[in-house]
There are 2 protein chains.
Amino acid sequence: MPQGNEQGRSHTNATAVAPRRAGRVLRPSVKVLPEHARRHNRSLVLQQVYRTSGLSRADIARQTGLTRVTVSDLVSELVAEGLVTELGQREDARPGKPATLLEMNLDAFHLIGLDLSDKSVFRAAILDLSGRVRERAEAQLDGATGELAIGRLMDLVAELVGRASRPLLGIGVGSPGIVDRGGVVRSAPNLRWAEVPLQSILAERFRLPVTVSNDANAAVLAEHSFGQSADDIILVQIGAGVGAGLIIDGSPVLGSHSAAGEIGHVVVGTDGGPLCACGKEGCLEVWVSVPHLTAQLLDAPTEAARTEVLTQAGQRLGIALAPVVGVLNLTEIVLSGPTELVAGTFAEATLNTIRQRTIAGIHGDLALRMTALSRDIVLRGAAVLVLSGQLGVS
Amino acid sequence: MPQGNEQGRSHTNATAVAPRRAGRVLRPSVKVLPEHARRHNRSLVLQQVYRTSGLSRADIARQTGLTRVTVSDLVSELVAEGLVTELGQREDARPGKPATLLEMNLDAFHLIGLDLSDKSVFRAAILDLSGRVRERAEAQLDGATGELAIGRLMDLVAELVGRASRPLLGIGVGSPGIVDRGGVVRSAPNLRWAEVPLQSILAERFRLPVTVSNDANAAVLAEHSFGQSADDIILVQIGAGVGAGLIIDGSPVLGSHSAAGEIGHVVVGTDGGPLCACGKEGCLEVWVSVPHLTAQLLDAPTEAARTEVLTQAGQRLGIALAPVVGVLNLTEIVLSGPTELVAGTFAEATLNTIRQRTIAGIHGDLALRMTALSRDIVLRGAAVLVLSGQLGVS
DNA sequence: GCATGTTTGTTAGTAAACCTTACGAACAAA
DNA sequence: TTTGTTCGTAAGGTTTACTAACAAACATGC
């Protein structure tokens, strides 16, 4: 009898196979059915309308390479679902039958975004399909952790679900700590969470699609979708700790143990440094985290000393990032954090340091900038998680 | 009139569109036709037979999730093309009709691999579909560069094409320098190549599919396919210079300017270092490249001094890799280079240094090893380029 | 004004791809 | 010998996107 395990590998099969030729971890290797192809094309069409309002069916056909017939078919499906609406006829004078312009209905669905990155408060919001925040809610943590924190989170989501004026597309969560591909928070020390299956918990409770990701990861998704950014970027979040989110070739990088971006405890430099809580000396976190910076700035008597503090910290970040920038051939670095600390002196020092330590810098096409998004960046990143997961749009 | 540019954007279209919502670089966003889906499934089936010889159609159906009917259809196509052959019936006694076992015909096609990474010689080979070298050829460069080197390369390929005993699937090339996605060698200083469209040149001359990639990139592909490696790895090649190839989530990383892996001129440490040819001080290359190492070892009077040299160099590599390992959450590092230099002391120092400087090390699941492949690694990587490009197998 | 040409979106029919259902062949076990 | 299992194939249906053709609605030139 087949044992009925997930691979459906009967013992018969196992006994018969010859030794593996090129052993490798199981690929995503999934079959593709016509239905999947259609979903892909549907997303493709939707993406065009999402990015550019006021396209006609014929425009979309030209842009995607699909025929007008197919596009019409897909569009009618989207119109039936309310995701796309007709905007009227094109005004400008030109030969031919006037085109019917299309528009994404940004209020067809709303979605819920959660930002759990703050130590003292869970932030939540209802967002529309453009990623704009429509309603807000917060839950003070007051030191709550573990189950208690999960309870606060549930109440918070329940409140927003109740306030929703449109059908909800799903829930997106940006959580601190390490979050695996299945939406399990493997470890989030601040919240004292370990192996918390946040995705399942939320999905079961609210019967909605749920996507959970690391907060820095969500942030970089927001930057990628809503900022004017390239397809290869790193976003460094400077807060209580230091984290990073990476997008390579348009796809988020999660890492083999879902711990990509955990840059805070990388040792920087070869000259020691302050002792870190993790036991090592000279971790990035003790150089550039907000608590460290503010403490140092308080000790700085003069403006020159303040500048020196920020310059040094910026340089440390640059030293840590240079190998990453070099190896990945990144051309865009985004910083997120308190503007008064991170923008200006600090950022310039980081950029200059990277330039001095890599070839990329020599080529001169390296850019470093502050995020264009406000502190809603994680919320909006959470929205991207839902949008790309449910609609294939971003 | 439409200007007929590649996007087929008529002026009419351009004038009509509203401002972009989420401006981003053009996605791969391509339509998917039923035909593409089939090609995908065909590769999926082939991949099973490639990895595991002696599977039946029913086995493949179970593993892929496709129905036996569909698998039969795809297999019959593969059999007709000669890629797959029937091996006879399964021997072991069990209920039911005995299965017909399948096998990949590794000699259905051969392919040509080229390794241009050596300063003094172009290496080439005919390989079978398993990536085994069947024939070899070399062309001494004798200092030839530029057009002359291209000429040598053409003659070399022509020779092998002539010696081929099977239809050729394609040509794969691992070239030094920076190679873009279109197979143009943007810059290879040793060969004095700049903007050499190697892919087009070879494709036009030999009328075969050609894939060109950076040599370190090819090497990491070989390691990924033929070594027992994870889906997130970095391979560091230590030779005249230092280069790296990266695979993240199973896909090679090329970088925004196709210069990913160019780690040789990243500055290591915060304590200066020897002056590098590139003008900076303390580049990785002046710490760990083969010429540097051998020179230092010659100066070392005692065995202890030799060990010290190798330890220091290994540490430098570790310092450079630590941030990369941390940020990407890599768990596997592969070294390629002269065993007598790189294996042992050097490699241990690198691993220990990374462990001491990252969290990944603390977790203890970080592995560093020498490549299991011989110096044919680039040749075999070139084969992977062709195999994955033409058959979707690896 | 009117014929001509262009563009849009739809209808009708076709080809491809995978599915479900069903069946004969070939075997083991009772 | 009967029963149940497994394999591979055949037949028929559904989905999908394509090509071909067309009516509607417009600009332009005579």
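Each chain gets a letter, A, B and so on, in the order its sequence line appears, and its residues count up from 1.
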Undergrad: Looking at the side chain of Ser56(A), which of dT8(C), dT19(D), dG8(D) is the nearest nucleotide?
TA: dT8(C)
Undergrad: In whole angstrom, what separates Glu86(B)'s CD from dG8(D)'s C1'?
TA: 10 Å
Undergrad: Categorize Val71(A) for me: base, sugar-phosphate, or nothing, with a 4.0 angstrom heavy-atom threshold over every strand shown.
TA: nothing
Undergrad: Is a salt bridge present between Arg38(A) and Glu77(A), judged by a nitrogen-to-oxygen distance below 4.0 Å?
TA: yes
Undergrad: Measure CZ/Arg42(B) against C1'/dC18(C) and give the value in whole Å, please.
TA: 17 Å
Undergrad: With a 3.5 Å cut-off and just heavy-atom distances, do the side chain of Arg57(A) and the base of dG9(C) make a donor-acceptor pair?
TA: no
Undergrad: Check this for me: does any side-chain nitrogen of one of Asp107(B) and Arg132(B) sit under 4.0 Å from a carboxylate oxygen of the other?
TA: no
Undergrad: Less than 4.0 angstrom from a charged side-chain N to a carboxylate O is my criterion; do Glu223(A) and Arg380(A) meet it?
TA: no
Undergrad: Measure from CD on Gln89(A) to C1' on dA25(D) and round the result to the nearest Å.
TA: 8 Å
Undergrad: So, is Asn41(B) near the phosphate of dC18(C), with a side-chain N or O under 4.0 Å from OP1 or OP2?
TA: yes
Undergrad: If you only use heavy atoms from C-beta on, which nucleotide in dA17(D), dC19(C), dC18(D) is closest to the side chain of Arg38(A)?
TA: dA17(D)
Undergrad: Of the options dC7(D), dA17(C), dA21(D), whose atoms approach the side-chain atoms of Pro34(B) most closely?
TA: dA17(C)
Undergrad: Please pick, from dC18(C), dT10(C), dC27(C), the nucleotide with the shortest atom-to-atom distance to any side-chain atom of Arg68(A).
TA: dT10(C)
Undergrad: Can you tell me the distance, in whole Å, between the NZ atom of Lys31(A) and the P atom of dC19(C)?
TA: 5 Å
Undergrad: Output the single nucleotide from dC18(D), dC26(D), dG9(C) whose closest atom is nearest the side chain of Pro98(A).
TA: dC26(D)
Undergrad: If the threshold is 4.0 Å, N to carboxylate O, is there a salt bridge linking Asp59(A) and Arg90(A)?
TA: yes
Undergrad: Please give, in whole Å, the distance from dT8(C) C1' to Glu91(A) CD?
TA: 16 Å
